[in-house]
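Single-structure report; data block below.
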Amino acid sequence: MAGNANPFEEMKKMVDKAGKTLGLDQGMIEVLKSPKRELHVHFPVKMDNGTIKVFTGYRVQHNEARGPYKGGIRYHPQVDIDEVRALSSWMTWKTATVDIPYGGAKGGIICDPKKMSLSEVERMTRRYASEISIIIGPEKDIPAPDVNTGGREMAWIMDTYSMMKGYAVPGVITGKPRELGGSLGRPEATSRGLVFTVREAAKKIGMNLKGASVAIQGYGNVGAFAHKLIERDFGSKVIAVTDSKGGIINEKGLKYEEVWAHKVKTGSVIGFPGSKPISNQEILELKVDVLLPCALENVITKDNASKIKAKISGEGANGPTTFEADAIMWKNGVLVLPDILANAGGVTVSYFEWVQNNYNYYWTEDEVNKRLDAKITAAFHEVWNMHEKHKCNMRDAAYLVAVKRVADATRLRGFYP
Ligand code: GLU
């Protein structure tokens with residue numbers, strides 16, 4: 001995780017706050033904060049030089065009151081158990097905010113895939129998949145991509161799980177390549193959902209997105225596609241972007257096609273012709289209309305929150321803003337579109353993918369995108385109405401919507417035995 005705040009503790013503060021407003025009793029609040037199951041795995045992988053390396057990975061299943069566990073798998077050197085706990089619970093709140101019939105889970109491996117060969121990443125992925133196969137499955141827990149994983153890894157996991165079962169099980173994982181039962185529109189889905197929430201927010205505050213200035217922190221799957229979509233569909237002007245190696249700024253605007261081609265060619269956005277360098281910290285403080293933090297958690301903290309000048313901050317990343325930073329931004333009039341709403345487009349289309357796998361009938365891309373728009377727009381307005389009703393920020397409002405849904409489901413199911 002980036003920054004110092006512990007994201008699991010941050011999550012608990014949010015649930016405490018929402019639980020109190022909703023009048024939930026303390027026992028229920030404890031149930032909602034606690035991950036139900038945590039699997040820690042330490043497993044060997046043969047490296048290309050003949051040595052054996054032991055990797056550590058996790059799969060945390062936070063809550064399944066509303067349906068099977070759901071959530072991605074991340075590969076990063078800073079993965080730790082509290083981060084995965086927080087990420088798993090954010091999936092519970094995310095699936096509840098957009099009202100899809102899932103709970104929340106998350107997985108991660110402590111590793112640096114950028115320093116590993118393709119075959120090492122494949123062996124690590126397959127071994128991790130076999131280690132967690134005892135708790136995943138199309139009716140139990142359905143993983144998906146997250147930071148540093150994508151269709152390639154999902155294909156290996158689908159294959160490993162299917163080999164162990166003896167037949168193809170496409171529904172065990174989402175975010176697969178199209179050829180294996182992946183959904184059209186899934187690769188861009190998180191970014192598409194993000195720009196839909198920005199579109200709705202802009203309408204609410206009377207901002208014209210055409211020509212609006214945008215800064216994007218993070219240029220992986222979410223940040224790069226957000227650049228493409230906000231430029232192409234709304235005519236906004238992206239003036240700065242960063243990735244893990246550094247960043248670039250050009251007040252006249254940066255074109256997606258050109259920046260992406262540069263990143264593919266050189267491995268980073270840095271050194272893009274005609275741009276000046278900018279750091280991952282500085283980009284957050286630019287005077288832009290829309291800021292899109294699309295990298296890691298804890299990047300906006302009490303130390304820099306008062307320097308955020310954007311009118312809208314749309315969270316493509318999970319957990320980019322700490323609890324204390326949120327309060328400062330709310331006071332300063334920055335409209336924060338919280339992660340559990342703003343980046344829920346990915347898991348929403350994962351749900352569509354799983355539905356298509358389960359009934360073996362596939363939709364057109366247009367159908368997927370329209371259903372996504374309907375889901376995200378409806379969720380945005382529910383959260384917005386809650387924010388007006390309780391005169392609270394959008395994150396508090398999203399938690400009120402989500403925590404209520406999960407608490408209601410828990411109460412209806414009752415407590416076993
Ligand atoms: N990793 C993504 C997220 O944080 C997608 C999860 C999924 O599709 O299950 O929402």
Side-chain angles (χ1 to χ4, degrees), residues 1 7 11 58-64 66-76 79 83-109 132 136-138 140-151 153-154 157-158 170-177 181-183 185-194 196-197 218 220-223 225-226 293-297 314-320 337-357 368 371-372 375-376 379 398 402:
M1 72 187 90
M11 181 285 295
Y58 309 103
R59 182 76 185 167
V60 175
Q61 298 178 330
H62 173 257
N63 187 291
E64 45 95 66
R66 303 177 64 258
Y69 298 106
K70 184 83 191 84
I73 294 171
R74 96 170 24 182
Y75 294 172
H76 199 276
V79 162
E83 181 194 51
V84 182
R85 286 177 177 138
L87 289 162
S88 72
S89 67
W90 287 330
M91 289 310 303
T92 302
W93 313 126
K94 196 183 298 188
T95 54
T97 301
V98 291
D99 202 10
I100 54 177
Y102 284 137
K106 202 75 163 203
I109 305 179
I132 65 165
I136 64 169
K140 293 196 268 187
D141 179 356
I142 305 106
D146 198 74
V147 173
N148 290 328
T149 60
E153 288 76 15
M154 301 307 112
I157 295 173
M158 181 265 185
V172 66
I173 198 127
T174 59
K176 300 176 290 294
S183 179
R186 177 63 184 85
E188 309 86 12
T190 308
S191 319
R192 186 166 278 120
L194 177 63
F196 287 154
T197 59
N221 181 55
V222 182
F225 280 129
C294 297
L296 293 173
E297 53 271 20
E315 299 183 339
N318 289 312
L337 306 177
D339 48 6
I340 59 170
L341 169 70
N343 72 37
V347 72
T348 301
V349 177
S350 275
Y351 166 55
F352 296 160
E353 179 172 327
W354 182 74
V355 168
Q356 293 171 78
N357 294 153
V368 171
R371 287 180 198 254
L372 172 64
K375 243 341 190 179
I376 294 290

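Every number for a ligand or one of its atoms is a count from 1 in the order of the listing. Just so you know, residue 1 is the first one in the sequence shown, and it goes up from there.
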Option passing side chain to side chain contact (heavy atoms under 4.5 Å, CB included) with Ile100 (candidates Lys375, Lys94, Lys70):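 Result: among Lys375, Lys94, Lys70, Lys375 is the only option passing the side chain to side chain contact (heavy atoms under 4.5 Å, CB included) with Ile100.
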Nearest-0.5 Å distance, [atom1] of residue [X] to [atom2] of residue [Y]:
X: Thr149; Y: Ile157; atom1: OG1; atom2: CD1; value: 7.5 Å
X: Ile132; Y: Asp141; atom1: CD1; atom2: CG; value: 7.0 Å
X: Ile376; Y: Thr348; atom1: CD1; atom2: OG1; value: 4.0 Å
X: Cys294; Y: Asp339; atom1: SG; atom2: CG; value: 11.5 Å
X: Ser89; Y: Ile340; atom1: OG; atom2: CD1; value: 9.5 Å
X: Leu194; Y: Leu337; atom1: CG; atom2: CG; value: 8.0 Å

Check this for me: does any side-chain nitrogen of one of Asp99 and Arg66 sit under 4.0 Å from a carboxylate oxygen of the other?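 A salt bridge links Asp99 with Arg66.
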State whether the shortest distance between N or O atoms of [X] and N or O atoms of ligand 1 falls below 3.5 angstrom.
X: Asn343; value: no
X: Asp146; value: yes
X: Pro145; value: yes

[atom]: the protein heavy-atom neighbour that sits closest, reported with distance to 0.1 Å:
atom: atom 9 (O) of ligand 1; value: Lys70 NZ, 2.8 Å
atom: atom 8 (O) of ligand 1; value: Ser350 OG, 2.6 Å
atom: atom 5 (C) of ligand 1; value: Arg186 NH2, 3.6 Å
atom: atom 3 (C) of ligand 1; value: Lys94 NZ, 3.3 Å
atom: atom 7 (C) of ligand 1; value: Ala144 CB, 3.3 Å

Between Val98 and Tyr351, is there a side-chain heavy-atom distance shorter than 4.5 Å?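 When only atoms from C-beta onward are counted, Val98 and Tyr351 do not touch, as no gap falls below 4.5 Å.
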Answer yes or no: is there a side-chain heavy-atom contact under 4.5 Å between Trp93 and Met11?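 Yes, side chains in contact.
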In terms of atom number and element, which parts of ligand 1 are under 4.0 angstrom from non-hydrogen atoms of [X]?
X: Met91; value: 3 (C), 4 (O), 6 (C), 10 (O)
X: Val347; value: 7 (C), 8 (O), 9 (O)
X: Lys106; value: 1 (N), 3 (C), 4 (O)

Does at least one non-hydrogen atom of [X] fall below 4.0 angstrom from an atom of ligand 1?
X: Arg74; result: no
X: Met154; result: no
X: Gly71; result: yes

Quick one: look at Asn318 and ligand 1, take heavy-atom pairs under 4.0 Å, and tell me if it's side chain, backbone, both or neither.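 Side chain only; the backbone of Asn318 stays clear of ligand 1.
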